[in-house]
Amino acid sequence: SINHAAPPPTSVHSATLPLTYLPAKTARDTTVLTTTIYTAKMARFYFLNALLMVISLQSTSAFTPAKLAYPTTTTALNVASAETSFSLDEYLASKIGPIESALEASVKSRIPQTDKICESMAYSLMAGGKRIRPVLCIAACEMFGGSQDVAMPTAVALEMIHTMSLIHDDLPSMDNDDLRRGKPTNHVVFGEDVAILAGDSLLSTSFEHVARETKGVSAEKIVDVIARLGKSVGAEGLAGGQVMDLECEAKPGTTLDDLKWIHIHKTATLLQVAVASGAVLGGATPEEVAACELFAMNIGLAFQVADDILDVTASSEDLGKTAGKDEATDKTTYPKLLGLEESKAYARQLIDEAKESLAPFGDRAAPLLAIADFIIDRKN
């Protein structure tokens, strides 16, 4: 059976608030809910199509690779040793090139009629960025003996989904931003209508890409990955987190638990899927996948805390997007609730807890550990 519905570990999932869709009171609210619900329906439609494609492209007889068990005796992970003997810069340099090539190939127009939509998709997909999600997926797969080639279609799909979320997040009905990664946002260049459709197309193509391009693993594992991706953008994922985020703008009494719920679902879930999917494709046991999920949930929350801190401390030039936007819209953030220094300490605590969950894997986890530090030490 495929265990893709397991809830995230409770150590960081303290917020268990029900997601409530409040009646739309303004035209903006109506547009937001309509766009979000439409995206969720599109995700479900293309997710089901992707499952059917897996069945048609893969043999239904799944093989079970040898499982990697936890060591019978373990010692505390020598984090300092792993960090000093491992160069994240060299590791990223070895991964970014293949990732960029795979991303570019994934959105090429094949007929004249699709030139404009593919141009819009590529404009945002190829606009740069840290490529954290693809790298996390590949690193997790390799940690369990898998290969970059096996993980790459999922790595591409993760970046497609992430890019879709950025395109939609920047829309006038959402955050209404005109700068992303130092460039005009998609709707500024192509219009709001094409931008929405480009995001939808990236989302649907992500499922198709995993189903069509993943080779060398069983159909069962591919379906598992597609299910995880589908859930990550639904009501209990990105879409639900975004709606809750919009509802909490300028809302008195928003709590830390509210904020955690938003960012677990809006931000951390996709990072969790990146690491977990890589582990699944690499041949990890369910217990090992759970350890990876705990690691990723913690770094996902830390990622958002760091983003909130940077919005206060960095310039628009450094960020590649509008700085100070959270304060301008009276958005609830970690610095607003905890203060700047307390937020920095909380981010470090989350990273330390994340590292602990990978202790059984020793130096094999060095890339993931280094990425965890990068997430809170970054400048943009």
Side-chain angles (χ1 to χ4, degrees), residues 6-26 28-29 32-33 36-37 40 165 168-169 173-177 231-273 293-314 321-354 356-357 372 375-376:
T10 56
S11 64
V12 295
H13 198 205
S14 58
T16 56
L17 301 177
L19 179 62
T20 304
Y21 292 94
L22 301 179
K25 296 182 176 62
T26 67
R28 178 179 181 274
D29 292 335
V32 167
L33 289 176
T36 304
I37 293 168
S165 75
H168 286 182
D169 202 40
S173 59
M174 297 282 193
D175 281 357
N176 192 24
D177 218 330
K231 185 177 180 181
S232 75
V233 292
E236 295 181 14
L238 192 152
Q242 177 71 7
V243 170
M244 186 76 166
D245 191 22
L246 291 164
E247 294 291 349
C248 287
E249 277 188 14
K251 177 184 175 182
T254 301
T255 67
L256 186 59
D257 278 351
D258 293 334
L259 199 58
K260 284 183 178 179
W261 198 98
I262 291 167
H263 292 138
I264 283 172
H265 295 83
K266 182 181 175 181
T267 304
T269 296
L270 193 56
L271 274 78
Q272 184 187 45
V273 171
E293 288 179 322
L294 179 56
F295 163 80
M297 189 59 68
N298 275 299
I299 68 168
L301 277 176
F303 190 98
Q304 187 61 54
V305 177
D307 260 9
D308 286 357
I309 292 169
L310 287 170
D311 190 73
V312 175
T313 61
K321 60 182 180 180
T322 307
K325 193 73 182 291
D326 293 342
E327 184 177 359
T329 57
D330 197 19
K331 198 169 190 176
T332 303
T333 64
Y334 288 96
K336 183 177 180 179
L337 291 183
L338 300 177
L340 188 58
E341 294 307 314
E342 184 92 14
S343 296
K344 292 178 181 178
Y346 181 48
R348 173 49 63 186
Q349 176 191 334
L350 288 166
I351 293 301
D352 290 343
E353 291 177 3
E356 282 297 315
S357 61
I375 279 174
I376 60 169

message: Working note: Leu340 + Thr313, criterion side chain to side chain contact (heavy atoms under 4.5 Å, CB included); need CA distance, chi angles, decisive distance, verdict.
response: CA-CA 9 Å; Leu340 188 58; Thr313 61; 4.0 Å; yes
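The distance from atom CD of Gln304 to atom CG of Leu271, rounded to the nearest 0.5 Å, is 10.5 Å. Rounded to the nearest 0.5 angstrom, Leu350 CG and Ile375 CD1 are separated by 10.5 Å. Rounded to the nearest 0.5 angstrom, Asp169 CG and Asn176 CG are separated by 11.0 Å. Here the CD1 atom belonging to Ile309 is positioned 6.5 Å from the NZ atom belonging to Lys344, to the nearest 0.5 angstrom. In this structure, CG on Leu259 lies 8.0 Å from CG on Asp245, to the nearest 0.5 angstrom. Between Leu337 atom CG and Asp308 atom CG the span is 9.5 Å, to the nearest 0.5 Å.
Using a 4.5 Å heavy-atom threshold, the side chains of Lys251 and Thr332 count as separate. Looking at heavy atoms from C-beta onward, His265 lies out of side-chain contact with Met244 at the 4.5 angstrom threshold. Thr267 is not listed as a side-chain neighbour of Asp307, based on a closest heavy-atom distance of 4.5 Å or more. Counting heavy atoms from C-beta outward, Ser357 and Asn298 have side chains that stay 4.5 Å or more apart. By the 4.5 Å heavy-atom criterion applied to side chains, Glu249 and Asp175 are counted as neighbours.
In this structure, Cys248 and Thr254 approach most closely via the heavy-atom pair O-OG1, 3.8 Å. Smallest separation of non-hydrogen atoms from Val305 and Ala347: CG1-CB, 3.9 Å. Shortest non-hydrogen contact noted between Met297 and Ala268 is SD-CB, 3.5 Å.
The backbone N or O of Tyr334 lies less than 3.5 Å from a partner atom in the side chain of Ser343, making a donor-acceptor pair. Counting only distance, with no hydrogens or angles, the side chain of Asp258 and the backbone of Thr255 share a donor-acceptor pair below 3.5 Å.
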